[in-house]
Amino acid sequence: MNTATRPRADVQRQTNLDAIRTIVKDRSAWGDLLREERRFIEFMERCGALLDYVDKLKADFDDLSLVHEAILEHATSIENEMERYNREIGEDLAVAQRVQRALLPDAGHSFHSSFEVAIHHRQLAEVGGDYYDFFSFPDGRYAVGVYDISGHGVSSALIMAFLKSQFAHATKELRDPGAIVDWVNRSAYSFLREVRRYSTVNFVVFTQSFLRYVSGGGYGLLVRRGAPRYFNRVSNFIGLRQKPFQEFELPFEAQDVLALYTDGMFEAQGPSGESYSVQRLNDIVVKHCEEPVQTILDRCIEDYTRFRVADTDDITLIILRRCA
């Protein structure tokens, strides 16, 4: 900034300071200053102006110090409040996590002894939208459901609890998988549309020699005598539209293997940016189909873990074998 554009007060202060420095550095100038009253008075006026400016700077500095202290005090108060808030949120999420885990069934106590079952279920955050459930019917049949609710976190977990209660009610009143899923969809449709959520579904009912299923967005693979059969996924998602769900049937007898899973594994990427594929997971299930279901599941998770850079979604994978 040149002299022409600087404020007049700044120019005057600089002029005063330069004049004082000249006299202070030149001892001979003191004599001239003391002999000439006019120059001496002018010098003292310059000194007085600079002292006034220094006093003003000190006062401004004191004011800024007070403001700084107030800001620090307020910032500390905000930090303490945020720490308390985060602690409360963390405690609430921990409780929500325990509640959600409690809503997931223990396969060893919830499913029939004629099925060998292995489960891998992991939420991306403390709580999430993937869930599974087992059901028993009054006539002795059993069913399994695997679901993936859109979104993550607490809202998806709450919708999970809501849908769980809807399916529990439907399986007490209805027999067929298509009718059960259709009833849940009609019952939950308005609510899910309002909160802008939907859910994929794989709902499978086991009969003596067959399985009957509805698949809307979920993934299912049946391995029978080493040959894979893939679920027909033509049905819509729960909460997207009020449209009947299609039901399909496949043979399912002793030693047949069934894999049910959500899309969480396929969204993860490897170091080169490629995605983990449905076909890759299916190939592992088929390759190890003669081994115990826990071994099959372990092989799948080991391969996925080696492949992916980071988890990007909730994951649910269930492997079942009919033992008798």
Side-chain angles (χ1 to χ4, degrees), residues 111-112 114-117 119 130-149 163 166-168 170-189 198-266 277-279 281-283 285-286 289 293 296 316-324:
F111 218 45
H112 197 268
S114 60
F115 294 92
E116 182 187 356
V117 183
I119 302 169
D130 268 24
Y131 86 100
Y132 61 91
D133 211 347
F134 298 103
F135 308 90
S136 59
F137 295 89
D139 60 6
R141 293 176 305 143
Y142 288 84
V144 59
V146 177
Y147 318 89
D148 180 7
I149 297 157
L163 288 180
Q166 298 297 301
F167 272 99
T171 52
K172 289 182 173 62
E173 303 295 329
L174 302 167
R175 292 173 50 87
D176 299 327
I180 290 170
V181 177
D182 186 60
W183 185 92
V184 171
N185 184 54
R186 286 185 286 106
S187 175
Y189 181 78
Y198 60 85
S199 176
T200 67
V201 56
N202 259 348
F203 191 82
V204 183
V205 176
F206 301 97
T207 65
Q208 187 172 0
S209 301
F210 293 87
L211 60 80
R212 297 165 62 193
Y213 71 89
V214 169
S215 183
Y219 294 84
L221 166 68
L222 170 65
V223 185
R224 178 173 172 79
R225 301 188 180 98
R229 299 280 297 274
Y230 306 102
F231 274 20
N232 191 324
R233 304 169 62 238
V234 299
S235 291
N236 54 290
F237 297 175
I238 296 174
L240 277 187
R241 58 183 66 88
Q242 292 186 341
K243 177 182 176 182
F245 286 78
Q246 292 186 255
E247 182 179 305
F248 300 91
E249 184 176 79
L250 289 172
F252 190 59
E253 297 179 337
Q255 302 310 309
D256 291 349
V257 171
L258 174 65
L260 301 171
Y261 41 95
T262 59
D263 65 357
M265 296 173 70
F266 316 131
S277 67
V278 176
Q279 189 61 52
L281 178 63
N282 288 341
D283 289 345
V285 175
V286 173
C289 66
V293 293
I296 300 173
T316 299
L317 171 61
I318 298 179
I319 310 290
L320 303 95
R321 171 180 280 114
R322 175 161 247 161
C323 301

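Positions are given from 1 along the sequence.
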Straight-line distance of [X] [atom1] to [Y] [atom2], nearest 0.5 Å:
X	Y	atom1	atom2	result
I319	L258	CD1	CG	8.0 Å
R229	L221	CZ	CG	11.0 Å
D182	F203	CG	CZ	12.5 Å
L163	N185	CG	CG	9.5 Å

Do side-chain atoms of [X] reach the backbone of [Y] as a donor and acceptor pair under 3.5 angstrom?
X	Y	value
Q166	V184	no
R321	V257	no
D148	T262	no
S199	I238	no

Heavy-atom pair of closest approach, residues [X] and [Y]:
X	Y	result
T200	G218	CB-N, 4.0 Å
R141	T207	CD-CG2, 4.3 Å
I318	V144	CD1-CG2, 4.4 Å
Y213	P177	N-CG, 4.2 Å
D263	Y219	CB-CE1, 3.8 Å
C289	G226	SG-CA, 4.2 Å

side-chain contact (heavy atoms from CB on, under 4.5 Å) between Y132 and L260, intermediate numbers included: CA-CA 10 Å; Y132 61 91; L260 301 171; over 6 Å; no
Taking side chain as C-beta onward, heavy atoms only, is [X] less than 4.5 Å from [Y]?
X	Y	value
V278	Y230	no
D176	V205	no
F206	R322	yes

Under 3.5 Å side-chain donor-acceptor pair for N282 and Y261: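 Looking only at side-chain atoms, Y261 and N282 do form a donor-acceptor pair, the distance falling under 3.5 Å.
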Parallel, tilted or perpendicular, as decided by the 30° and 60° cut-offs, for the rings of F135 and F167: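 Geometry flag for F135 against F167: tilted rings.
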Parallel, tilted or perpendicular, as decided by the 30° and 60° cut-offs, for the rings of F115 and F252: parallel
Table please: side-chain donor-acceptor pairs of residues 239-247 below 3.5 Å, with sequence neighbours left out.
from: E247; atom 1: OE1; to: G178; atom 2: N; distance (Å): 2.8
from: E247; atom 1: OE2; to: R212; atom 2: NE; distance (Å): 2.9
from: E247; atom 1: OE2; to: R212; atom 2: NH2; distance (Å): 2.5

Centroid separation F231 to F248 less than 6.0 Å: no
Ring centers of Y131, Y147 separated by less than 6.0 Å: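 Y131 vs Y147: aromatic centres under 6.0 Å.
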N-O pairing of R224 and D256 below 4.0 Å: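 The answer is yes: the pair qualifies as a salt bridge.
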More than 12 heavy atoms of other groups within 6.0 Å of Y198 OH: no
R233 atom CZ, over 12 foreign heavy atoms within 6.0 Å: yes
